[in-house]
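Notes for the one structure printed next.
Each ligand, and each atom within it, is numbered from 1 in the order the structure gives.
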Amino acid sequence: MEQKPGGKENLFVYVAAGVAALAGLLFGYDTGVISGAVLFLKDQFALTSASEEVVVSAVLVGAIAGAALSGQLSDMFGRKKIIIATAVIFVLGSLATALAPGVGFLVAGRVVIGIAIGIASFAAPLYISEVSPPNIRGALVSLNQLAITCGIVLSYLIDYLFAGRHEWRWMFAVGAVPAILLGIGISFLPASPRWLMSRSLVDRAREVLGKIRQKDDNIEEEISDIRRSLTEESGGWKELFQPWLRMPLVIGIGIMFFQQITGINTVIYYAPTIFGFAGFGSAQVAILATMGVGIVNVLMTVVAIKLVDRVGRRKLLFWGLAGMVISLGALGFAFNMASLSGALKWVAVGSLMLYIASFAVSLGPIAWLIIAEVFPLKIRGRAMSLSTMCNWAFNLVIAMTFLTLIEKLGKAGTFWLYSGLGIAGWLFCFFFVPETKGHKLEDIEEHWRAGKPPREL
Ligand code: BGC
């Protein structure tokens, strides 16, 4: 089915992608906002390192639960209804955290927001991929990562604007705005035709396809394609653990492990705190420097999207991980000097910038891309939701241990530890991650069936 540029479905895909962008934006906003807010929460509620970690991590506990439920919920109620429900939860959670009378209430509100993030991080891209014409489906995976990074910058900007007056409540409240837009936006979009078919609502699926495809597209052919893939995709949880599927599972979970364990979210959630360690006195200046980190993250994600299909996934991973290892080493070095002052302060800033640029061009978008590519159709849904759950769980481990590690190992030791894990990540990518660039998904499946090692793809 050739897609004609400028046709009616192109307009629809823009609208649908815009709505997906709002869900990704909320993912980024609600995870990033804590970095600035925590500076003031610490004072207001006299948080210890341990309770600060709980405040930062609460959203992740919710996200693990949300990601675990997302597959079943979106099959049961449909993608559209589930996304509307998450928008409502986002609004309520934002208002509850903004009005929180105490730290317990705040943590509960953040867990609730986390549940919405966990569901949305799976359901929104799923919805978009199911309404999109096949020729642009791949690009949308990386578009989601771009929206996440934009949401993070937006949260830093809002944190900065309210930091001067120490108004952490407004930082949380603003999150309700994109959530309201998401709820309204998705209400105007049709239900996913693929989900309608899975519920045997063939006539309604045909009606929706009639609206979102061009006149000369063969809708009956698409309907029978969907019907065929629905029978192929009936793989259960047991199927996931067959011997020939072990390798893609190791790759999917492994790449999520290294995406998180190399410390990205210590930077995303704690950047102002790290800049504080490095000697930047005021919270506002630290948040401003953090905004620089967020902007580099967005720009380098755009670079990654442009390069990933030309240079390939493996090369970007090798270069990116090398940059992460070096910058983490340098950051450790900067903190190892007796008193971090003058030039060393700038070594810390430079290292963090290099680190985020290296992440954004490699593990950031590519980890999500790889889990969308390496699994055979039959188990793709379940395997992707398992990998997403693992991503949030590894994220939680890092967020819950960062400040404790700083206390136990010292700042230099902590960043050197992440640097060492980056070396392990480099080796993992070298031996386990296949070059999927330009391969049909069916070829990748054949490769696993033949029992061949990933590097030979
Ligand atoms: C990761 C998030 C991270 C974000 C930063 C995503 O790919 O999954 O944990 O906060 O990138 O840009």
- prompt: Taking the six-membered ring for Trp, is the centroid-to-centroid distance between Trp346 and Phe280 below 6.0 Å?
  reply: yes

Would you say the side-chain atoms of Thr401 and Thr404 include a donor-acceptor pair closer than 3.5 Å?
no

| said: Distance alone, cut at 3.5 Å: any donor-acceptor contact between the side chains of Asn297 and Tyr156? | reply: no

Counting from 1 in the order shown, the ligand 1 atoms closer than 4.0 Å to a non-hydrogen atom of Asn395 are 9 (O)

Numbered in order shown, the ligand 1 atoms found under 4.0 Å of a heavy atom of Trp368 are 6 (C), 7 (O), 8 (O)

Do we get Lys80 above Tyr127's six-membered ring, with its NZ or CZ under 6.0 Å from the centre and within 45° of the axis?
no

Next item on the list: Kindly indicate whether a cation-pi arrangement holds for Arg313 with Phe318, taking the cut-offs as under 6.0 Å to the six-membered ring centre and within 45° of the axis.
Entry: no

Of Ile398, Ile148, Ile152, Thr31, the one whose closest heavy atom lies nearest atom 5 (C) of ligand 1 is Ile152

Looking only at non-hydrogen atoms, the one of Asn391, Asn297, Val293 nearest atom 12 (O) of ligand 1 is Asn297

Using a plain distance cutoff, I'd like to know if Thr149 has any nitrogen or oxygen under 3.5 Å from a nitrogen or oxygen of ligand 1.
no

Residues 65-77 vs side chain to side chain donor-acceptor pair (under 3.5 Å), sequence neighbours excluded, gives Asp75-Arg79

Logged contact type for Asn265 with ligand 1, heavy-atom cut-off 4.0 Å, is side chain

Atom 6 (C) of ligand 1 sits nearest the protein heavy atom Gln145 OE1, 3.4 Å

re atom 8 (O) of ligand 1, the protein heavy-atom contact at minimum distance is Gln259 OE1, 3.0 Å

